[in-house]
Amino acid sequence: MEAATGGDRSELRRISGEAAVLGGAAYAILMQVSHPGVGQGVADHSDFAQRPLDRLRATLTFVYTMAVGTPEEVDRVSRTVRAAHGRVRGPGYDARDPDLQIWVAATLYEGGLRLYETAMGPLPPERREAAYRQAAVYATALGCPADRWPPTRDDFERYWSDSVSALRPGEAARGIARDLFHPRNPLLVPPVRLQRFLAAGLLPAHVRDGLGLPWGPRSQRRFDRLTAVVRAVYPRLPLRVRTAPMALCMWDMRRRAARGGRLRRTAPPSARSRARSRRRRR
């Protein structure tokens, strides 16, 4: 891939680097877990409900490194993620399945582009095409063969439309949504409420309903007003402010890598912690 060899990643960097894209974090997670294979794998193996900030840092490290990391950093992060996902297997799912890898990568690309255009306005067609080509690194970094990523953006649009239409969130996805939006740390309650509102407004109606997220005309009006304000105000912020989260995350990743000689990955949750999480979802 281009990113792995130091090729052009200018559009991926512009899109991923905007802080506004973080507004779609919960949306991307909920789209991912609404796929039954991904949802069950996360329910069985992830500890994000107990350590949401650690899980967010890991995801942002992946996304930002794919956009702006050196070839060595891209390779290191990719190997770390693939090693962690190699243990995520169970009845009906395997994180090494290219179909699941494509879906996760697709949500990262689509969610990032959607939030970028919400805040900054539509991209010209040529920039959209470049962003799509460059975003293929999300899939290959997860271990997906390069030829499995839809070859053109038109192919991707068909894949996305068909995949979204087929989504039917199950109990695993609903449990993850309940955990995600009920953090233990009271300091996280305000940002989580905002994420829940944004996710509900961005999700397709049938996915939102399947996850049990309430929505109505009043919510839609509030969402429309918020997006109008964001588009009017956000592009006028200094670039350094808008890209501060990416700069901070990359600084943190490089600091940790320098200390340990490699990126450290947290241990998978214990059986006891997974059992506690499942009990809370009931």
Side-chain angles (χ1 to χ4, degrees), residues 1 3-4 16 24-49 55-56 58-63 65-66 74 77-114 132 134-151 153 155-177 179-180 199 202-204 206-207 210-211 265-266 268-269 274 277-278 281:
M1 293 305 304
S16 301
Y27 162 74
I29 291 171
L30 294 178
M31 288 296 283
Q32 289 172 20
V33 302
S34 292
H35 186 294
V38 177
Q40 196 59 55
V42 171
D44 290 347
H45 294 271
S46 177
D47 61 349
F48 80 85
R55 305 312 302 166
L56 176 62
T59 299
L60 292 181
T61 296
F62 175 79
V63 170
T65 301
M66 295 306 110
V74 170
V77 169
S78 300
R79 286 188 284 107
T80 301
V81 170
R82 289 197 296 268
H85 287 178
R87 301 188 292 268
V88 181
R89 300 190 298 273
Y93 66 88
D94 187 329
R96 298 168 300 178
D97 182 347
D99 289 338
L100 301 188
Q101 293 166 343
I102 291 172
W103 176 244
V104 170
T107 64
L108 295 176
Y109 160 72
E110 191 274 344
L113 178 64
R114 187 171 177 184
Y132 177 71
Q134 294 164 23
V137 72
Y138 293 146
T140 56
L142 292 172
C144 183
D147 60 1
R148 295 293 299 272
W149 184 249
R153 196 165 60 84
D155 293 321
F156 177 85
E157 294 297 338
R158 286 189 290 271
Y159 162 80
W160 181 259
S161 178
D162 292 344
S163 298
V164 171
S165 296
L167 288 179
R168 296 295 182 271
E171 185 52 41
R174 287 188 288 273
I176 292 165
D179 283 350
L180 180 64
L202 293 165
L203 286 168
H206 72 284
V207 176
L211 292 169
R265 187 80 174 180
T266 57
R274 291 197 301 268
S277 181
R278 284 193 292 268
R281 292 172 189 157

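The shown structure was predicted, so the numbers you read here are calculated from the model rather than taken from an experiment.
Residues Leu100 and Asp94 have side chains not in contact (no heavy-atom distance under 4.5 Å, counting atoms from C-beta outward). When side chains are defined from C-beta on, Tyr27 does not count as touching Thr107, because their heavy atoms never get closer than 4.5 Å. Met31 places a side-chain heavy atom less than 4.5 Å from the side chain of Pro204. At least one side-chain heavy atom of Leu108 sits under 4.5 Å from a side-chain heavy atom of Val63. Taking the side chain as every heavy atom from C-beta outward, Ile29 and Val42 never approach each other to under 4.5 Å. Residues Ser78 and Met66 meet the side-chain proximity criterion, which asks for heavy atoms closer than 4.5 Å. A 4.5 Å side-chain heavy-atom check between Tyr109 and Val137 finds every atom pair outside the cut-off.
Here Asp97 contributes atom CG and Ile102 contributes atom CD1; the two are 8.5 Å apart, rounded to the nearest 0.5 Å. Note that OG of Ser16 and CZ of Phe62 are 10.5 Å apart. Values are rounded to the nearest 0.5 Å. Atom OG1 of Thr61 sits about 9.0 Å away from atom CG of Leu56, to the nearest 0.5 Å. How far CD of Glu171 is from CD1 of Ile176: 10.0 Å, rounded to the nearest 0.5 Å.
Without hydrogens or angle criteria, Arg174 side chain to Pro169 main chain gives a donor-acceptor distance under 3.5 Å. Not one N or O on the side chain of Ser161 forms a donor-acceptor pair closer than 3.5 Å with the backbone of Arg158. Judged by distance alone, the side chain of Arg114 and the main-chain N or O of Leu202 form a donor-acceptor pair under 3.5 Å. No donor-acceptor distance shorter than 3.5 angstrom exists from the side chain of His45 to the backbone of His85, with no hydrogens or angles considered.
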Are His206 and Ser165 close enough, and set up right, to give a side-chain contact (heavy atoms from CB on, under 4.5 Å), and what steps lead you there? CA-CA 9 Å; His206 72 284; Ser165 296; 5.7 Å; no
Decide side-chain contact (heavy atoms from CB on, under 4.5 Å) for Val207 and Leu30; before the verdict, give the C-alpha distance in whole Å, the side-chain angles of both, and the deciding distance to 0.1 Å. CA-CA 9 Å; Val207 176; Leu30 294 178; 5.8 Å; no
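Using the six-membered ring where Trp is involved, Phe156 and Tyr159 have ring planes that are tilted, between 30° and 60° apart.
Across all non-hydrogen atoms, the minimal contact from Arg148 to Asp99 is NH2-OD1, 2.5 Å. In terms of heavy atoms, Gln40 sits closest to Ala172 at OE1-CB, 3.7 Å. Residues Ala26 and Leu180 share a closest heavy-atom pair of CB-CD2, 4.1 Å. Nearest heavy-atom pair across Leu211 and Ala177 is CD2-CB, 4.5 Å.
Side chain to side chain, Trp149 and Tyr132 meet the donor-acceptor criterion of an N or O pair below 3.5 Å.
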